[in-house]
Each structure stands twice: as C-alpha cells, then as structure tokens.
Protein chains: 2
Amino acid sequence: MARLDRAAVLAGAWAFIEEHGIDALTMRKLATSLGVNHGTLYWHVDNKQALTDALADDLLSGVADETGSGAQGSDRLTELAHRLRSALLSHRDGARVLAGTFVRQPNTLAFGEAAIGAALAAGVPAAEAVLAAFSVQYYVMGFVIEEQAAYELARDESRNNGRGPIDAASYPNVYAGLATLRKMPRDSQFAYGLTRLVAETGR
Amino acid sequence: MARLDRAAVLAGAWAFIEEHGIDALTMRKLATSLGVNHGTLYWHVDNKQALTDALADDLLSGVADETGSGAQGSDRLTELAHRLRSALLSHRDGARVLAGTFVRQPNTLAFGEAAIGAALAAGVPAAEAVLAAFSVQYYVMGFVIEEQAAYELARDESRNNGRGPIDAASYPNVYAGLATLRKMPRDSQFAYGLTRLVAETGR
DNA sequence: ACCTGAACACCGTTCAAGT
DNA sequence: ACCTGAACACCGTTCAAGT
C-alpha cells in the first residue's frame with residue numbers, strides 16, 4: 001500500500017463526498033475509505049476544519065487563471081463568473097463546502113484579485129471595483145447553493161416526503177415560475193441575473 | 001417548571017445559537033439549556049434536521065408581509081431584499097441556517113411569491129419574473145453569508161491565526177478593495193449590487 | 001516519517017418506563 | 001401528554017507506542 005500524503009487525503013475526501021455527500025463525511029469513514037486507521041489522518045491534516053478549508057481552496061484552484069480567450073473588462077468578469085460556477089459544480093456540494101469556510105486562502109484571493117482587475121479594466125471607478133466584483137461573487141455563490149440543493153433534493157426524494165407539490169392556489173407566482181424554470185437550461189437561468197449584474201459594470 | 005412546547009424549543013435554540021453559534025448547537029446541549037433530559041426534545045421535534053428546518057422558516061416569518069410603505073414594483077422588490085437581509089441578520093448565523101436547509105416551507109414560499117409579484121408589477125414579462133426575483137434572492141443570500149462570516153471571524157480571532165493580513169504585493173486589488181470596504185457602511189455595500197440587479201427590472 | 005491501538009469526551013436517536 | 005434513564009451506534013481528537 002502506497003503511503004498516504006496530504007494530496008491523497010484530499011483526493012480521497014473528494015471521492016467520498018462524490019459518493020456520499022459532505023454531510024456524511026467523517027474523519028473515521030474517510031480513514032476507512034483510505035484503508036487507514038483514523039488517527040493517521042491527523043498526521044496529514046490538523047483537524048476536520050483544516051481539511052474542509054483545504055477542500056474549499058482546492059475547489060478554486062485554477063479558476064482565476066488566464067484562459068487565452070482574450071476576454072477583457074466586463075467580458076472577463078462574466079467569464080470569471082462562469083468559471084467560478086463551473087468550479088463549484090465540479091464537485092458534489094461544492095458551494096456548501098466553500099460557504100462553510102471563512103478563510104482567506106490563495107485561490108480565493110486570486111479569484112478576487114482577477115475579478116476586481118476585470119472590473120477596473122471595464123472602466124469601473126477604483127472606488128467601486130470591489131463592489132462590482134464582489135456582487136458578482138455573491139450572486140454566483142447564492143445561485144449555485146440553490147442549484148446544488150436542488151440536485152441533492154432530486155437525489156434523495158425522501159427529504160421531500162410529506163410535503164407534496166406546491167399549492168398553486170396559495171402560491172400562483174411560484175407555481176408558474178417553477179414551471180418556467182423547468183423548461184429552461186440552468187445555464188440560461190444563471191446568465192439572466194449575471195448579465196444584469198454585469199450590464200451596469202463599466203458604464 | 002413550565003412544560004415545554006415546540007415554540008419554547010425553537011426559542012431556546014435561537015438563544016443558544018445567539019450565544020454559541022450554530023456549529024455548537026447539539027440536541028444534548030440544547031436540552032440542558034432548557035433544563036430537560038435530551039430525549040425529551042424528540043417529543044417536540046422529529047430530529048435535528050427538522051429542528052433546523054423549523055428555525056429556517058422561523059427566520060423568514062413576516063418578511064413578505066405588507067409593510068404599508070406603499071412600495072410598488074421594483075421598489076417593492078428592493079424593499080423585500082432589504083427585509084430578507086434584515087431577517088437573516090436578526091439571528092447569529094442566520095444565513096447559514098437558511099442555506100443549510102433545502103426545504104420548501106411556508107415563509108420561504110411566501111417570500112418567493114411576493115418577490116415574483118413585485119417583479120410582475122414592475123412590468124417584467126411573465127416569463128422573466130421568476131428569474132428577476134430569484135436573482136435578487138441569490139444575491140441577498142450570498143451577501144449575507146459573507147457578511148456573517150466576517151462577523152464570526154471578528155468574534156473568533158483564533159480562526160484567523162497564522163494567516164496575517166493580506167499580502168498587498170501579491171493581491172493589490174484585494175488589498176485596496178478591502179480598505180475601501182472598511183470605510184463603507186455595510187448597508188451601502190449591500191445596496192450597490194442590489195441597485196444594479198433591480199435597475200434592469202421593469203425596463 | 002508515517003501508522004496503529006486505545007483512550008477520552010463527546011454526539012443523535014430510540015424507547016421502555018414513569019407521571 | 002410530556003418527561004426520564006438508559007442504551008446503542010456513532011463522532012473528533014490525542015498520544016504513547018510501534019516500524
């Protein structure tokens with residue numbers, strides 16, 4: 001058996017999350033899935049919170065890289081938003097993993113740096129660039145948390161049990177709205193708010 | 001000792017969260033704080049997840065009510081966004097409590113109903129009203145999650161240990177941006193993205 | 001340098017039995 | 001109708017001891 005290292009622990013954690021979800025992740029079950037005594041994990045990782053923080057930053061690795069698309073300014077900001085969403089979606093429960101961590105880590109910072117830079121390049125005044133960039137970030141996080149929540153709900157029908165469908169009489173707007181969304185690709189739903197948020201950028 | 005009921009359990013849970021945060025909440029400690037054997041809680045509440053779901057809906061109670069402000073259309077949508085943020089901020093870790101629950105509950109639905117209604121009244125085409133309303137919701141959730149994360153970080157300096165301040169040389173935009181934000185009221189930061197998101201609504 | 005084994009102080013949930 | 005007490009199957013974390 002190859003000896004474990006930190007990277008293997010992270011990879012094992014992602015594999016576990018893919019299969020069972022973040023809520024099921026425990027140090028002991030992770031250790032078992034890696035074929036190791038659970039005490040061993042604490043050699044590679046300070047504690048469970050540190051593991052989660054590492055996963056969060058891992059999620060964002062490469063998101064802020066240059067893409068060669070040549071996108072500039074507000075187009076680059078839009079591109080970054082799409083790349084952030086893709087990164088969060090690349091692992092089950094990705095958005096919740098990131099939302100659960102308060103930490104300023106390299107890849108999180110690199111994303112902020114790139115997003116603010118894009119806003120500046122779009123002509124946003126220096127005093128507003130952070131606001132524009134962070135607003136986009138908030139939107140993406142909120143969107144994907146909801147998106148992945150829907151995936152989890154679909155995966156586990158039992159969670160919806162006893163609740164039934166939405167009462168069209170009490171909530172006609174929601175009822176009709178959800179019907180609309182069901183006919184629409186997620187990408188288009190995502191683009192809707194993003195476009196409007198970025199439209200004002202650089203004017 | 002007055003007998004417990006479901007409302008008292010919820011109130012006790014909020015009091016506990018106010019003092020120790022959501023991560024510290026356990027059924028056993030909550031029971032102790034209520035002066036009751038921990039098995040007792042399961043008489044009032046199905047399990048911990050059901051308790052959390054109930055807290056989440058409790059958080060949103062009254063948010064979608066009429067305010068008598070007479071705000072209509074996009075103004076009403078803006079008002080709802082502010083009221084949602086206030087509700088999330090009204091309890092420690094409020095945004096995370098809500099984000100952790102997948103459930104469609106009465107007050108969540110009532111908020112969506114009101115927000116879509118406001119978008120429609122603002123002249124948004126029926127096919128887009130959900131998108132406009134939900135986009136605002138995503139933004140608010142993302143914003144307040146970050147906002148409350150900052151409060152938690154300030155409360156527990158130890159979590160930031162060994163990290164130090166942001167490296168101005170590596171992340172000049174972030175460094176300058178955070179300085180800008182520090183001089184700005186949270187309300188103004190919140191309004192920035194919200195205004196831009198709602199500006200396109202009803203055009 | 002990496003891992004095991006065992007211990008410690010916790011968890012959520014269930015359920016007979018009490019009042 | 002509400003609560004206790006005890007049990008069951010788990011947790012995260014630490015740390016001497018092994019290789």
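Here is the naming used below: chain letters follow the sequence lines, and residue numbers restart at 1 for every chain. Computed from heavy atoms alone, side chains included, the values below leave out hydrogens, waters and symmetry copies. For clarity, every value in this text was computed on a predicted model and none was experimentally measured.
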Return the value, rounded to whole Å, for the distance between atom [atom1] of [X] and atom [atom2] of [N].
X: H38(B); N: dT13(C); atom1: NE2; atom2: C1'; value: 8 Å
X: L4(A); N: dC3(C); atom1: CG; atom2: C1'; value: 10 Å
X: D23(A); N: dC11(C); atom1: CG; atom2: P; value: 18 Å
X: H44(A); N: dT13(D); atom1: NE2; atom2: C1'; value: 16 Å
X: L30(B); N: dC3(D); atom1: CG; atom2: P; value: 13 Å
X: N37(A); N: dG12(D); atom1: CG; atom2: C1'; value: 13 Å
X: R28(B); N: dG5(D); atom1: CZ; atom2: P; value: 14 Å
X: M27(A); N: dT14(D); atom1: CE; atom2: P; value: 10 Å

(request) Could you walk me through whether R92(B) and R155(B) pass the side chain to side chain contact (heavy atoms under 4.5 Å, CB included) test, one step at a time? (result) CA-CA 11 Å; R92(B) 183 174 172 187; R155(B) 200 187 288 258; 3.2 Å; yes
(request) Taking E152(A) for its side chain and D93(A) for its backbone only, find out whether a donor-acceptor pair lies under 3.5 Å. (result) no
Taking 4.0 Å as the cut-off, does a side-chain nitrogen or oxygen of [X] come that near to OP1 or OP2 on [N]?
X: T26(A); N: dC11(D); answer: yes
X: W43(B); N: dC2(D); answer: yes
X: Y42(B); N: dT13(C); answer: yes
X: K29(B); N: dC11(C); answer: yes

(request) In sequence, state the C-alpha distance, the side-chain angles, and the governing distance for R96(A) and D23(A), and then conclude on salt bridge (charged side-chain N to carboxylate O under 4.0 Å, His left out). (result) CA-CA 10 Å; R96(A) 276 168 74 215; D23(A) 289 335; 2.9 Å; yes
(message) Does this structure show an ion pair linking R85(B) with D187(B), if we count only N-O contacts that are shorter than 4.0 Å?
(response) yes
(request) Report the base-pairing partner of dC2(C) (Watson-Crick or G-U wobble, both distances below 3.5 angstrom), or none. (result) dG18(D)
(message) Need the pair for dA9(D). Rule: Watson-Crick or G-U wobble, both distances under 3.5 Å, any strand; none if unpaired.
(response) none
(request) Looking only at non-hydrogen atoms, find the nearest pair between W14(B) and L59(B) and report the distance. (result) CH2-CD1, 3.6 Å
